[in-house]
Amino acid sequence: MGSNETTAPTNFIRHIIDADIAAGKNGGRVATRFPPEPNGYLHIGHAKSICLNFGLARDYQGTCNLRFDDTNPHKENQEFVSAIQDDVRWLGFGWGDKVYYASDYFDQLYRFAVELIEKGLAYVCDLSAEETRAYRGTLTEPGRESPYRSRSVAENLDLFQRMRAGEFPDGARVLRARIDMASPNINLRDPTLYRIRHGVVHHQTGAEWCIYPMYDFTHPISDALEGITHSICTLEFEDHRPLYDWVLDNISVPCHPQQIEFSRLNLQFAVMSKRKLTQLVDEGFVEGWNDPRMPTIAGMRRRGYPPAAVREFCDRIGITKADNTVEMSLLENTVRDDLNVHAPRRMAVLHPLKVVIENYPEGQAEELPAANHPQDPALGERSIPFCREIYIDAEDFREEAPAKFKRLVAGGEVRLRYAYVIRCDQVIKNAQGEVIELRCSYDPDTLGVNPEGRKIKGVIHWVSAQHGAEAEVRLYDRLFSVANPDGAAAKEGKDYKEFINPDSLRTLTACMLEPALAGAQSGELFQFEREGYFCLDPAQGAGGKPIWNRTVTLRDSWTKIEQQGG
RNA sequence: UGGGGCGUCGCCAAGUGGUAAGGCAACGGGUUUUGAUCCCGUCAUACCCAGGUUCGAGUCCUGGCGCCCCAGCCA
């Protein structure tokens, strides 16, 4: 196998493909597909599948089709079709100029159904949905055969044609495969192949059809028609594989793709089912599918996760058949690894506390050079204005210093990043006793050099009060307050939504940014030194202020020290 | 009690009979004008359990145990 660049780590599916190639199967060809149903936005679990399928095509010089599994118009729409394409492209994968739709095969699917009927392998069944369920039996008892199971081929052909012609109402009849009502595998107990759906406009085929094929019938045929070699899906379809093979074994298709199943991704502090994500959106628990707290691809994009980091994450988690729940720290660390290398550094004060440097001349200002990246000179530098009044973060000042606290304390000194060492001479408080301003003095001999005879242990960030730009900053935390919302809900007999973290979004409306941030473009990412990585949101906040989303925090060893009573 | 899967470090995960990779987390230490980054070190006599085969088993066999999925005219 192999290619020059990014080759994903090996896994059991690659072993299968390697063996197939060695055996000369499919003429050594590898063709996969990513088959989303356009009934919602893609999430990080889909990203895992996308990276797997498109990654296989990339590494084996094969192909991967983007194919919409659009057989249930009731739940699907064009907005989702478009969003899915945006998301796959954003992740970094392409598909030439052809997007595939299962609905492109509706005519052929119909003819294959007729073929099955002609072979006596499918029949029109008049049982209601409830009756069908009752006839199906249970997990431990076999089902009973439908009274319509022995209709003649001619009658079945006539009825199926009339189903298509719209002669029967919804639910009146279905087309079923005639397999085995006693099979221990419930999927083989004469599964439904076609159902009647009047009055829904399909986003691709409009009102052309009033019967729609089921997944189990559509999927294997779509794969075969596209010459897919390896049809990769998640574990819950393992029980469907005998049906997948049955369909292909009994109709005249050009090839028989191999279905392979892997386990889906579970992520701590998140829910991953489309039903639940849809609910969070529809019921207003989040601002939309692209809310930065959502585990959707659109949400991660808005949050500022680089696509390369998401791809790297998918490589790091691997592909197996074992149930798994990945820790959020793995995702966050993957994002940090990418951002640390690529994000230019800036200074921003989130909780401004005014500092007046009394021995700095009023009306004076100077431009101080600052590296855009401390380890990568190629990113260049910008200059930062310094003057008599600045803001520092309220968290960087304490009247009394806890042990190991190395920021500014009353009477103490601290280094202003890329500027001077200052000393806090006086603390000004309001009537409530809250610190509202600091009067300091600076040491003019400390620009770029350490003072003689004393060690300055702390460095803090700051922004010029005169030159800084105001901004809104949104701090995101995990959407759920427990690692496993579904598990907690089941255990405590509650709804998973009761575990939504009330502090998953904290909005700071009076932040101060260094001037270099003023011209940033929507989507641009920076590290706000000592705070984290932030991404400019496309929207504007109150008063037209820019909104900066916190992508991820920096790793923080201080809070731990502080909590240990340090 | 039917069928299909899965069980290797806190979380992922290599391993394909020859004597337990790697990543994340954690914990020590060093560098540092980001308590960041970076660097160094520690971290499974042990692979769900019990027997067995073998010179040798996480890998093979037998029997248990645990967890996940399946009874949509959803995908």
Side-chain angles (χ1 to χ4, degrees), chain A residues 9-11 15 35-37 39 69 71-72 74-76 125 127-129 132-134 136-143 170-176 183-189 191-197 212 214-216 218-219 233-242 261 263 265 268 274-275 315-334 336-337 340-341 345 347 370-371 373-375 404-407 414-419 421 446 448-450 456-461 527-532 553-562:
Chain A
T10 194
N11 56 54
H15 292 327
E37 182 188 12
N39 66 343
D69 226 326
T71 58
N72 187 4
H74 200 72
K75 294 182 173 177
E76 302 157 4
C125 181
L127 253 27
S128 68
T132 302
R133 192 186 321 125
R136 188 154 33 228
T138 69
L139 295 179
T140 51
E141 302 157 20
D170 286 10
R173 300 181 214 267
V174 295
L175 182 74
R176 290 228 253 168
S183 172
N185 181 345
I186 291 189
N187 296 117
L188 261 21
R189 318 240 264 230
T192 299
L193 265 23
Y194 267 90
R195 75 285 214 187
I196 300 171
R197 284 282 180 278
Y212 289 94
M214 301 284 288
Y215 167 86
D216 284 315
T218 308
H219 209 84
C233 61
T234 41
L235 243 36
E236 67 271 25
F237 292 102
E238 208 153 20
D239 289 339
H240 295 240
R241 194 169 63 224
E261 310 84 11
S263 55
L265 167 67
Q268 285 191 339
K274 261 195 211 170
R275 195 197 113 243
D315 282 347
R316 290 187 188 184
I317 60 178
I319 300 291
T320 67
K321 297 185 72 160
D323 288 338
N324 62 88
T325 302
V326 174
E327 291 179 342
M328 195 58 103
S329 64
L330 179 61
L331 211 209
E332 292 179 340
N333 197 270
T334 308
R336 285 191 193 104
D337 282 351
N340 174 49
V341 174
R345 264 110 251 228
M347 292 202 286
H373 189 118
Q375 281 83 230
K404 294 182 183 169
F405 186 79
K406 53 184 201 186
R407 283 114 94 164
V414 77
R415 156 80 61 185
L416 293 177
R417 177 78 158 151
Y418 292 124
V421 170
T446 54
V449 290
N450 286 128
I456 306 300
K457 43 192 189 314
V459 180
I460 64 173
H461 56 98
Q527 181 195 103
F528 291 176
E529 292 203 34
R530 304 210 307 127
E531 293 290 357
T553 61
L554 254 27
R555 270 181 62 196
D556 170 26
S557 56
W558 164 243
T559 49
K560 187 171 53 192
I561 295 169
E562 191 179 29

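Chain letters run A, B, ... following the sequence lines, proteins first and then strands; every chain starts at 1.
- Its glycosidic angle being more than 90° from 0, rG64(B) falls on the anti side.
- Going from atom CG of Leu265(A) over to atom C1' of rC6(B) covers 17 Å, rounded to whole Å.
- For Arg407(A) against rG35(B), a side-chain N or O and a base N or O form a donor-acceptor pair under 3.5 Å.
- Taking the nucleotide of RNA chain B with the nearest heavy atom to each of His373(A) and Ser263(A), the more 5' of the two is matched to Ser263(A).
- Between the CG atom in Leu235(A) and the CG atom in Asp323(A) there is a gap of 7.0 Å [rounded to 0.5 Å].
- Residue contacts shown for Gln375(A) include a base, since a base heavy atom lies under 4.0 Å away.
- Rounded to a whole angstrom, the distance from the C1' atom of rA46(B) to that of rA57(B) is 13 Å.
- Looking at every heavy atom in both residues, Tyr212(A) comes nearest to Arg197(A) through CD1-CB, 3.6 Å.
- Remark: His373(A) engages no residue in a ring pair (Phe, Tyr, Trp, His ring centres under 6.0 Å) (not counting sequence neighbours).
- A gap of 7 Å separates the C1' atoms of rG58(B) and rU8(B), to the nearest Å.
- Here Lys321(A) lies in heavy-atom contact (under 4.0 Å) with sugar-phosphate atoms only.
- Taking CD of Gln527(A) as the reference point, atom CZ of Arg336(A) lies at 11.0 Å (rounded to 0.5 Å).
- Remark: rC67(B) base-pairs with rG5(B); criterion is Watson-Crick or G-U wobble with both hydrogen-bond distances under 3.5 Å.
- Using a 4.0 Å heavy-atom cutoff across all strands shown, Gln268(A) reaches no nucleic acid atom at all.
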Are there any protein N/O atoms within less than 3.5 Å of an N/O atom in nucleotides 46-48 of chain B, and if so, which ones and at what distance?
none

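- The side-chain contact (heavy atoms from CB on, under 4.5 Å) test applied to Val414(A) returns Leu408(A), Ile422(A), Ile460(A), not counting sequence neighbours.
- Put simply, CD on Gln527(A) is 6 Å from C1' on rA36(B), counting in whole angstrom units.
- With rounding to whole Å, Leu188(A) atom CG is found 12 Å from rG4(B) atom C1'.
- One side chain, Asn324(A) or Ser263(A), offers a donor N or O that lies under 3.5 Å from an acceptor on the other.
- The side chain of Arg530(A) lies closest to rG35(B), out of rG15(B), rG35(B), rG5(B).
- As rounded to whole Å, 9 Å separates atom C1' of rU32(B) from atom NZ of Lys406(A).
- Nucleotide rU32(B) is matched to nothing when pairs are restricted to Watson-Crick or G-U wobble geometry with both distances under 3.5 angstrom.
- Taking atom P on both nucleotides, rA21(B) is separated from rG15(B) by 13 Å, rounded to a whole Å.
- Within the 4.0 angstrom heavy-atom criterion, base atoms lie near Gly448(A).
- One finds no salt bridge joining Glu37(A) and Lys274(A) here, because no Lys/Arg side-chain nitrogen approaches an Asp/Glu carboxylate oxygen to under 4.0 Å.
- With hydrogens and angles ignored, the 3.5 Å screen pairs no side-chain donor or acceptor of Arg176(A) with any backbone N or O of Leu193(A).
- In this structure, rG41(B) and rC27(B) make a Watson-Crick or G-U wobble pair, each of the two defining distances being under 3.5 angstrom.
- His74(A) NE2: 12 or fewer foreign heavy atoms inside a 6.0 Å radius.
- As a whole-Å value, the separation of His15(A) NE2 from rU16(B) C1' is 8 Å.
- Comparing the C1' positions of rC48(B) and rC40(B) gives an interatomic distance of 36 Å, to the nearest angstrom.
- Ranked by how close their nearest RNA chain B nucleotide is to the 5' end, Glu238(A) and Ser557(A) are led by Glu238(A).
- Classified by interplanar angle (parallel below 30°, tilted 30° to 60°, perpendicular above 60°), the ring pair His240(A)/Tyr215(A) is perpendicular.
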Filtered N/O pairs between nucleotides 23-26 of chain B and protein, under 3.5 Å:
from	atom 1	to	atom 2	distance (Å)
rC24(B)	O2'	Ser329(A)	OG	3.4
rA25(B)	OP1	Asn333(A)	ND2	2.9

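- Across all strands shown, Leu331(A) has no heavy atoms under 4.0 Å from either base or sugar-phosphate atoms.
- Using a 4.0 Å heavy-atom distance criterion, Thr320(A) is classed as a sugar-phosphate-only contact.
- Shown here for Gly137(A) and Arg189(A), the closest heavy-atom pair between the two residues is C-NH2, 3.8 Å.
- To the nearest whole angstrom, the two P atoms, one in rA25(B) and one in rU31(B), are 22 Å apart.
- If you take atom P in rA36(B) and the same atom in rA26(B), they sit 12 Å apart, rounded to whole Å.
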Original post:
How does protein reach along nucleotides 64-75 of chain B, written 5' to 3' as B (base within reach of a heavy atom under 4.0 Å), S (only sugar-phosphate), or - (no contact)?
Top reply: ----SBBBSBSB
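- Separation of the C1' atoms belonging to rU32(B) and rC24(B) is 24 Å when rounded to the nearest angstrom.
- Note: CG (Asn324(A)) to P (rG10(B)) measures 16 Å, nearest angstrom.
- At whole-Å resolution of the value, CE in Met328(A) and C1' in rC12(B) are 15 Å apart.
- Closest non-hydrogen pair, Glu529(A) versus Arg417(A), comes out as OE1-NE, 2.7 Å.
- When the C1' atom is used for both rC68(B) and rU34(B), the distance is 45 Å, rounded to whole Å.
- Smallest separation of non-hydrogen atoms from Arg555(A) and Asn333(A): CD-ND2, 4.1 Å.
- Partners of Thr334(A) by side-chain hydrogen bond (donor to acceptor under 3.5 Å, both in side chains), not counting sequence neighbours, listed by chain and number: Arg316(A).
- Judged by distance alone, with hydrogens and angles left aside, Arg415(A) brings a side-chain donor or acceptor within reach of the base of rU33(B), the pair sitting under 3.5 Å.
- Across the protein-nucleic acid pair, Arg189(A) atom CZ and rG4(B) atom P stand 13 Å apart, rounded to whole Å.
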